[in-house]
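Read the structure below first, then the notes.
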There are 2 protein chains.
Amino acid sequence: MDDALALSALVLALSGRLVQEIHDGVSRQGFGDLRPAHGFAFVRISMGDATTADLAEHLGVTKQAAAQLVEELVRKGYVERRPHPRDARARLLALTETGWAATRAADQAARAAVAPWRDLLGEARFSELVADLTLLAPPGPIRPAW
Amino acid sequence: MDDALALSALVLALSGRLVQEIHDGVSRQGFGDLRPAHGFAFVRISMGDATTADLAEHLGVTKQAAAQLVEELVRKGYVERRPHPRDARARLLALTETGWAATRAADQAARAAVAPWRDLLGEARFSELVADLTLLAPPGPIRPAW
DNA sequence: CTATATGGACAAGGAACTTGTCTAATGGGG
DNA sequence: CCCCATTAGACAAGTTCCTTGTCCATATAG
């Protein structure tokens, strides 16, 4: 009956370790100046058509906080600001080649972190796990901390 | 093949929403002055025999940061410092009755957040999910952010 | 054309963490 | 029994990241 309480603890524990391992993997691949929160910004920016205000809503922070984060990512060479085709106020955000490289590094680290799970569970249970979590997945943006 | 990448995103998304829902539930039950990070401190303190240094290691922060967090929780009435029976330097941390009440509120919020998952998956798949995640669960402390 | 809303910049403040230093107590090895 | 390296915790200062508040330029509805 208290599966429910245990399950919430398991998800939190698993997520915490996953964040840590992805961050470590990204750092080891030469992107030591990125923190977990940056990854969530990359997710939104790589989707395209993102302004700073869009990013703020995606991350669940104020637009000033998003603007500071963008400024940092631009300064470090991961993101560039391009003019918006239909709105002279706005700037479209885009990943630079370095930004895409960091994204690939994060993806690789995420795959490496999850790979042992496939071995532990076996192929069948692993696929079921993916299917189950897909059912439970929230519709909204991916907010929290990696 | 890219189940692995999808799975890591799913775990992060699920964890993020879980943290948010637990925090909201705890706030609604009258503990609006607690933040997600406090919950992880409560986990360690409720296990007993915790000093500030123990707490720091559990949370993965410096002992100064842990000391500030303890000071805040003491000031708000959730935690008390008791003399250590065998070490005059150290102080044992313990939850007050208010601290236990907050812990119960968090447990209830966690159960409420997970309850819909049981309905979505059905009893059999839900039990399998708990079993699978138990296999994958890291041995160490529950670190991250709720 | 005017009124309101929106994207973004600028500035100041606050919350939570860090590093650095200090004192007092502990506990192992001579 | 006594050093002395180690450890628990307090105190102080600095950094980082986020907030609130304000402003301007542009967009859009009526």
Side-chain angles (χ1 to χ4, degrees), chain A residues 16 19-20 23 27 31-42 44-45 48-76 78-94 141 143-146, chain B residues 16 19-20 23 27 31-42 44-45 48-76 78-94 141 143-146:
Chain A
V19 167
Q20 189 62 49
H23 180 244
S27 289
F31 303 99
D33 56 354
L34 289 178
R35 293 172 303 97
H38 294 142
F40 293 95
F42 279 39
R44 177 61 188 91
I45 295 172
D49 282 330
T51 65
T52 297
D54 293 334
L55 186 59
E57 188 186 352
H58 178 83
L59 297 176
V61 298
T62 60
K63 63 181 182 178
Q64 289 91 331
Q68 289 172 11
L69 192 141
V70 166
E71 174 57 32
E72 179 191 355
L73 291 178
V74 168
R75 181 170 40 81
K76 290 179 175 172
Y78 294 104
V79 168
E80 61 183 6
R81 289 182 258 240
R82 321 191 67 178
H84 193 291
R86 280 185 299 278
D87 189 335
R89 297 170 303 176
R91 317 267 278 168
L92 278 185
L93 303 176
R143 284 266 177 96
W146 110 33
Chain B
V19 167
Q20 190 62 49
H23 180 245
S27 288
F31 303 99
D33 56 354
L34 289 176
R35 292 171 304 98
H38 294 141
F40 293 94
F42 279 40
R44 178 62 189 87
I45 295 172
D49 283 330
T51 65
T52 296
D54 293 334
L55 187 59
E57 188 186 354
H58 178 83
L59 296 176
V61 298
T62 60
K63 63 180 182 176
Q64 289 90 332
Q68 289 173 12
L69 192 142
V70 166
E71 173 58 31
E72 179 189 355
L73 291 178
V74 167
R75 181 170 41 80
K76 291 179 175 173
Y78 293 104
V79 168
E80 61 182 7
R81 289 183 258 239
R82 321 190 67 177
H84 192 291
R86 281 184 297 279
D87 190 336
R89 297 169 303 176
R91 317 266 276 166
L92 278 185
L93 304 176
R143 284 265 178 97
W146 120 45

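Computation of the quantities below employed the complete heavy-atom set of this structure, encompassing side-chain atoms and omitting hydrogens, waters and symmetry-equivalent molecules. The shown structure was predicted, so the numbers you read here are calculated from the model rather than taken from an experiment. Labels below follow one simple rule: chain letters A, B, ... track the order of the sequence lines, proteins then strands, and each chain is numbered from 1.
Between the CZ atom of A:R35 and the C1' atom of C:dA16 there is a distance of 13 Å, given to the nearest Å. Atom CD in A:Q68 sits about 16 Å away from atom P in C:dA15, given to the nearest Å. Taking atom CG of A:L59 as the reference point, atom P of D:dT19 lies 10 Å away to the nearest angstrom. Atom pair A:Q64:CD and D:dT22:C1' shows a separation of 10 Å (rounding to whole Å applied). Between the P atom of D:dT7 and the CG atom of B:D87 lies a distance of 12 Å, rounded to the nearest Å. Atom CD of A:E72 is separated from atom C1' of D:dC18 by 13 Å (rounded to the nearest Å). In this structure, A:L55 places its CG atom 13 Å from C1' of C:dG8, rounding to the nearest Å. A:R91 has its CZ atom 7 Å from the P atom of C:dA9, to the nearest Å.
Checked for salt-bridge contact, B:R81 and B:E71 meet the test: a charged N lies under 4.0 Å from a carboxylate O. Classification of A:E72 and A:K76 as a salt-bridged pair holds, one side-chain N sitting under 4.0 Å from a carboxylate O.
Nearer to the 5' terminus of DNA chain D, by closest-nucleotide assignment, is the contact made by A:L69 (compared with the other of A:K63 and A:L69).
Of the candidate nucleotides D:dA27, D:dG9, C:dG8, D:dA27 has the atom nearest to the side chain of A:R89. The side chain of B:A53 sits closest to D:dA8 out of D:dA27, C:dA9, D:dA8. Distances were taken from every side-chain heavy atom of A:T51 (C-beta onward) to each of C:dG7, C:dA9, D:dA10; the shortest belongs to C:dG7.
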Inset, instruction - Begin from the C-alpha positions of A:L73 and A:L34 and carry the test side chain to side chain contact (heavy atoms under 4.5 Å, CB included) through to its verdict. - result: CA-CA 9 Å; A:L73 291 178; A:L34 289 178; 4.0 Å; yes
Legend entry - B:Y78 and B:I45: CA distance, side-chain angles, deciding distance, side chain to side chain contact (heavy atoms under 4.5 Å, CB included) verdict: CA-CA 11 Å; B:Y78 293 104; B:I45 295 172; over 6 Å; no
Legend entry - Working for side chain to side chain contact (heavy atoms under 4.5 Å, CB included), residues B:V74 and B:E80: CA-CA 6 Å; B:V74 167; B:E80 61 182 7; 5.9 Å; no
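Contacts of A:T62 with the nucleic acid, taken as non-hydrogen atoms under 4.0 Å apart, include base atoms. Residue-level contact check: B:A65 touches the bases, meaning some heavy atom is under 4.0 Å from a base atom. At a threshold of 4.0 angstrom between heavy atoms, the contacts of A:A90 are confined to the sugar-phosphate backbone, with no base atom among them.
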